[in-house]
2 protein chains.
Amino acid sequence: MQKEHNLSKNQKIIFDLIDKSGGPMKAYSILFNVQKKGIKAPLQVYRALDKLVEIGKIHKIESRNAFIACQNSSCQVSKATAFSICESCENVSEISNSKLSKYLSNFSDDSGMKYSKYNLEFFGLCKKCKSK
Amino acid sequence: MQKEHNLSKNQKIIFDLIDKSGGPMKAYSILFNVQKKGIKAPLQVYRALDKLVEIGKIHKIESRNAFIACQNSSCQVSKATAFSICESCENVSEISNSKLSKYLSNFSDDSGMKYSKYNLEFFGLCKKCKSK
DNA sequence: ATATAAATGTTATATTATTACATAACGTTA
DNA sequence: TAACGTTATGTAATAATATAACATTTATAT
C-alpha cells in the first residue's frame, strides 16, 4: 500500500496538469501552462517535479527530458520503471508487466552490486505509426 | 561482426579521449579537454558524439547526460544497452549479460508494439561504496 | 574529373536545470 | 500557543546541456 502524500499547492497544480495531459510533458512546457496560476519561475516547476518524482506520482523519461504521470497504481515509488516509446509520434506509455519487473528487480550480475532501482526504456514504432 | 568505421579526425580525438578516460564523460568536459587539439565549439563535440553513438562506439548514459565508450566488443550498434550506475561514486559500467539481453530483445507486451531498441539503467551502490 | 555525401568551422541561440538567498506555511510537541 | 524544525514558496541570476543556420572543406564513389 502506497503512503498517501498531501501534495502542496504547486505540486497539485503541476501534477494535475501532467496527469490530465495523458502523456509526457517537458518542464518548460509545464511552466508555460501554469503561469496563469501564478507559477512563474523554472525553479518552482523543478522543485515540484523533484518531489513528485520522489514520491512516485510522476516519472522522468530520461531519454526525452520529460515527465509523465505514473500510470501504475501500485508503483513502488519509482524504484522500478519501464516505458515504451514510439520514435515516430513520441507516444510514451508505462509498461506494467509483473514478469518483467520481477526479472529486473531480481537481476544481479557478477559485479557483486545489488541494484535498488532501475529504469528501462524501450523504443520502436507504435501500432499506428507502423501502419503508415 | 561489426562493420569497421573509419573515424574522422574529430571523431577519433573524441573517441580516444572518452575511451582512455575509462568512464562516462560529459559533453562540455570533453570540449574542455579537446580545445588544445583545435576543437573549439560545442557543436563539433556533439556532432562527433552523435556519430559515435550512431555507430555504437559510445553510448549515452541518459540519466547522467554523459557518454561512455562501448565496453562490449560485440555490441549490436547500440540497439540494446544496459548499465550499472553507482549512485554514490557515479561509477558506470556496461552490463553484458546474454540472458538479460535475450530476455529484453525478445520482450513484448500486450500493446502490439515491436521494440527495436532498449536502454536499461540499474542504480545502486557499488562494492566499494557499500562497504564505506 | 566530377558529383555526392560526410565532415568541419563558426556564430548565435535554444533548451534544460541549478545556485543562492529570503520568506512563508505547516506540523509537532512542550 | 509559542517555539522549533521541516517543508514549501518566491525571485533573480546563472550554469549546463544541446541545436539551428549557414558557409566551406574533405572524402568517396563513379
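Residue numbering restarts at 1 for every chain, and letters A, B, ... go by the order of the sequence lines.
Taken residue by residue, residues 16-24 of chain B places no heavy atom nearer than 4.0 Å to DNA chain C. Within residues 29-38 of chain B, no residue places a heavy atom under 4.0 Å from DNA chain D.
Among the nucleotides D/dT9, C/dA17, C/dA20, the one closest to any side-chain atom of A/Leu43 is C/dA20. Across C/dT16, D/dT19, C/dT10, the shortest atom-to-atom separation from the side chain of A/Tyr28 is found for C/dT16. Counting only heavy atoms from C-beta on, B/Phe67 has its side chain closest to D/dA18 among D/dC22, D/dA20, D/dA18. Listed candidates were C/dA17, D/dA18, D/dA8. Nearest to the side chain of A/Ala27 is C/dA17. Taking every side-chain heavy atom of A/Arg47 into account, D/dG10 is the closest of D/dA18, D/dG10, C/dT18. The listed nucleotides are C/dT10, C/dA7, D/dT9; the one nearest the side chain of B/Ala41 is C/dT10. The nucleotide whose nearest atom lies closest to any side-chain atom of B/Asn65 is, among C/dT16, D/dA18, C/dT10, D/dA18. Nearest to the side chain of A/Asn10, among D/dG10, C/dG9, C/dT16, sits D/dG10.
No donor-acceptor contact under 3.5 angstrom links the side chains of B/Asn10 and B/Ser8, judged on distance only.
A straight line from NZ of B/Lys51 to C1' of D/dT19 spans 18 Å, rounded to a whole angstrom. Summarising the geometry, the separation between CD on A/Gln11 and P on D/dG10 is reported as 12 Å, rounded to the nearest angstrom. Atom NZ of A/Lys9 and atom P of D/dA8 are 13 Å apart (whole Å). Straight-line distance from the CG atom of B/Asn6 to the P atom of D/dA27: 11 Å, rounded to whole Å. In this entry the distance linking CD of A/Gln44 with C1' of D/dT11 reads 8 Å, nearest Å. As rounded to whole Å, 11 Å separates atom P of D/dT17 from atom NZ of A/Lys60. As rounded to whole Å, 15 Å separates atom P of C/dT15 from atom CE of A/Met25. A/Arg64 has its CZ atom 16 Å from the C1' atom of C/dT16, to the nearest Å.
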key: B/Tyr115 and B/Ser105: CA distance, side-chain angles, deciding distance, side chain to side chain contact (heavy atoms under 4.5 Å, CB included) verdict   = CA-CA 8 Å; B/Tyr115 303 117; B/Ser105 296; over 6 Å; no

request  = Any chance you could lay out the side chain to side chain contact (heavy atoms under 4.5 Å, CB included) test for A/Lys57 and A/Cys70, step after step, and finish with the verdict?
outcome  = CA-CA 5 Å; A/Lys57 300 281 289 179; A/Cys70 179; 5.8 Å; no

Side chain to side chain contact (heavy atoms under 4.5 Å, CB included) evaluation trace for B/Tyr103 with A/Lys99 = CA-CA 11 Å; B/Tyr103 183 84; A/Lys99 272 192 186 169; 4.0 Å; yes

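Taking 4.0 angstrom as the limit, A/Lys26 places none of its side-chain polar atoms (N or O) nearer than this to OP1 or OP2 of C/dT15. Look at A/Ser8 and you won't find any side-chain N or O under 4.0 angstrom from OP1 or OP2 of D/dT7. Proximity of B/Tyr46 to the phosphate of D/dT19: no side-chain N or O atom is located under 4.0 Å from OP1 or OP2.
Under 4.0 Å is where a charged nitrogen must lie from a carboxylate oxygen, and between A/Glu87 and B/Lys117 at least one such pair does.
With a 4.5 Å cut-off on side-chain heavy atoms, B/Lys9 and B/Ile13 count as touching. The shortest side-chain heavy-atom distance between A/Phe67 and A/Ser29 does not fall under the 4.5 Å cut-off.
Under the 4.5 Å side-chain heavy-atom criterion for ILVMFWY residues, no single connected hydrophobic cluster contains both B/Leu120 and B/Ile68.
Within a 6.0 Å radius of NZ in A/Lys37, no more than 12 heavy atoms belonging to other residues, nucleotides or ligands are found. Atom NZ of B/Lys102 has 12 or fewer neighbouring heavy atoms from other residues, nucleotides or ligands inside a 6.0 Å radius.
Two residues, B/Pro42 and B/Ile39, neighbour DNA chain C, and the one matched to the more 5' nucleotide by heavy-atom proximity is B/Ile39.
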